[in-house]
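Below, read A as the first sequence line, B as the second, and so on, with proteins coming before strands; counting in each chain starts at 1. All of these numbers come straight from a predicted model, not from anything done at the bench.
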Amino acid sequence: MFEYLTKRLSARLELLGWPAERLQLSRPKKAENGDWATNIAMALARDLKRSPMQIAEEPMDGLDLDPGIVEKFEILNPGFINFFQSADYLSSQIRKILKEKDDYGKSNFGSGKTAQVEFVSANPTGPLTVGHGRQTVLGDTLANILTWSGYEVTREYYFNNAGRQMRLLGESLKARYLELKGESISLPDGGYEGAYLIDIAQDLLNEQPDLTADTDVELFKSYAETSIFTNIKSSLERIGVVHDVFYNERSLYETGKIDEVLSILGERGLLYEKDGATWFKTSELGIEQDRVLVKSTGEPTYRLPDIAYHREKVARGFDLVVDIFGADHIDAYPDVLTALKVMGLKYEHIEVVIHQFVTLLRSGEVVKMSTRKANFVTLDELIDEVGADVVRYFYIMRSASSHLNFDLDLAKRQTEENPVFYLQYAHARISSIFRRAQERGLDSDTENADLSLLNEEFAVALINKALEFPEVIDHCRRSLEVHHLPGYLSELATALHKFYTEYKVIDLEQPELSKARLALLEAVQIILRSGLRILGISAPEQM
RNA sequence: GCCCCUGUAGCUCAGCAGGAUAGAGCAACGCUUUCCUAAAGCGUAGGUCAGGUGUUCGAAUCACCUCAGGGGUACCA
């Protein structure tokens, strides 16, 4: 209907010589204002110097619309043109859902195109925390949306197992190990204090009891890394996240990509030496101040490998690159994009999704978190407490740009009245009705159902809500915001529960009506199942 | 100081390519089950959309200013 109206009205506007690109169609909030509406008359009032009501008449005059789609239209003050869809259109759309099944709502926007989503990317210095969880679920769900939009998606995890932090990790493990052997050794300055390192030290002690203070710290570092990465991957798997590529920053050094970036920027005259460090003249490129790329110690800052990594992303030829970052990285990406730009590389296809922090509340108190200080709640603990479905839902029900308050007590306590169960119950409720219908011997032959019987108020409302699904997916894809989906699914569930309360689905006295209603529920269930699948949440048959 | 995010009902938050009377969930109060799962539905109450100025036929939405909270502004990532 949207496509149809857009096409017909645009053609009409062009015929009149009016700017068709100003045409906007939206769904009115109130049902009495129709199913679709346009404000074009008001938008053009100024240019045409005529009243909106007058303007509205003109394109609509003599415009005959397919009665199989549009029932009628109205022009209302102050100048809205409202369109009402026909019953035939609704029936045909339900048929479409039933026919396309789990493919309903997929688009070919990204067909033949590739996309990469980089997310999590936590260095293996400790378990994933509640803070990482948001990014994890955000990235995975967005990847699902892109897949639904036709893209071939690569989920990527970028990490660094070299550098200062990892060395500290190795030293910290070594200290714990020696501590277990009875030596009184203090943790290195700024070392990792987490208890998880004691567990790892114990494992190492069991496997290799003969290490001493003289053992190379490299052994401890590598043992810690392997152990922690195993743990991280297992946490990810528990909430259904599997990355396709783990990209090690170290490879950028080994293949000379780091040096290449330096030499290209050097050739452009954008580098200089000061105080023993190598600086990038970002101040000449619209950024406040210059940035250090190589420290006076000879080690690069994180910016340099980031630039090299993104240069590789560009070279790998993705049509769309999405980076999911926490708000603490907000200053890094302009540098990276600027570098790509001056190197003459494509960068417009790189989208950055910044998510704000998760504030963890426990007993009404803000929990300050730091991986190094070991004052954190792990993602694993959270999953243990509330389950993977609830974890995923809680993280994506809010927009990424809002500061998320994660109230642990609430999440734990809410197992009965949790919003996620509301959705799952809607799905289970339909399954339950199907089971009951079968018991009663009701013919569930939806192929031949007379869908025109679905003309009651709340049936129509439910159908309309169901038909919004592809628009919601598209909205998520366009804005790279996934929180619209859980919101929509809640509305769909509400429409379903309302329908259920008002009408009896299984009515042996009216088998034809029952059949039509069962067909509608089947369509609704298809959408609930698809939506939940995109969110990575299970769709139970019964609860 | 400068940059980014946020400020909407008691609480948590939608809405913000300007549109028709500002929404939901939770919390509060009241109601609904001889009938497909009440993990549900309905109703009542609750608002200076942080504040101000501007643009517009029309502003929660756009611009500017102020205030408040968070993050960044590192030769940490």
Legend entry - B:G54 and B:G72, which share atom name P, separated by this distance in whole Å: 37 Å

Inset, instruction - Mind checking A:E502 for me? I need base, sugar-phosphate or nothing, with any heavy atom below 4.0 Å counting as a touch. - result: nothing

Inset, instruction - Would you mind classifying the nucleic acid contact of A:D328 as base, sugar-phosphate or nothing, using non-hydrogen atoms under 4.0 angstrom? - result: base

Legend entry - Complementary nucleotide for B:A20 - Watson-Crick or wobble, under 3.5 Å: none

Legend entry - B:A14 and B:A50, which share atom name P, separated by this distance in whole Å: 13 Å

Legend entry - Lys/Arg-Asp/Glu bridge criterion (N-O < 4.0 Å) met for A:E299, A:R164: no

Inset, instruction - Please check if the side chain of A:Y488 supplies one atom and the backbone of A:K465 the other of a donor-acceptor pair under 3.5 Å. - result: yes

Legend entry - Heavy-atom donor-acceptor pair, A:Y302 side-chain to B:A77 base, under 3.5 Å: yes

Inset, instruction - Taking atom types as modelled, find out whether A:E481 and A:S399 have a side-chain donor-acceptor pair closer than 3.5 angstrom. - result: no

Legend entry - Pairing nucleotide - B:A68, Watson-Crick or G-U, each distance under 3.5 Å: B:U6

Legend entry - Residue matched to B:G1 through Watson-Crick or wobble contacts both under 3.5 angstrom: B:U73

Inset, instruction - Before giving the answer on ring pair (Phe, Tyr, Trp, His ring centres under 6.0 Å), spell out for A:Y347 and A:H310 the whole-Å C-alpha distance, their side-chain angles and the decisive distance to 0.1 Å. - result: CA-CA 9 Å; A:Y347 62 94; A:H310 280 80; over 10 Å; no

Inset, instruction - Using distance alone, with no hydrogens and no angle criterion, decide if A:D507 and A:S514 have a side-chain donor and acceptor under 3.5 Å apart. - result: no

Legend entry - For B:G47, the Watson-Crick or wobble partner whose two distances fall under 3.5 Å: none

Legend entry - Nucleotide forming a Watson-Crick or wobble pair with B:A38, both distances under 3.5 Å: none

Legend entry - Under-3.5 Å donor-acceptor pair between A:S296 side chain and B:C75 base: yes

Inset, instruction - Verify the contact: side-chain N or O of A:H403 to OP1 or OP2 of B:U12, cut-off strictly under 4.0 Å; return yes or no. - result: no

Inset, instruction - Dump the intermediate steps for side chain to side chain donor-acceptor pair (under 3.5 Å) on A:Q165 and A:N123, then the final yes or no. - result: CA-CA 9 Å; A:Q165 294 304 320; A:N123 287 338; over 6 Å; no

Legend entry - Watson-Crick or G-U wobble partner of B:G54, both distances under 3.5 Å: B:C62

Just the table, please: protein N/O against nucleotides 17-23 of chain B N/O, every pair under 3.5 Å.
from	atom 1	to	atom 2	distance (Å)
B:A17	N6	A:R478	NH1	3.4
B:G18	OP1	A:Q24	NE2	3.3
B:G19	N7	A:N39	ND2	2.7
B:A20	OP2	A:K29	NZ	3.3
B:A20	N6	A:N82	OD1	2.9
B:A20	N1	A:N82	OD1	3.2
B:A20	N1	A:N82	ND2	3.1

Legend entry - Parallel, tilted or perpendicular, as decided by the 30° and 60° cut-offs, for the rings of A:F246 and A:F229: perpendicular

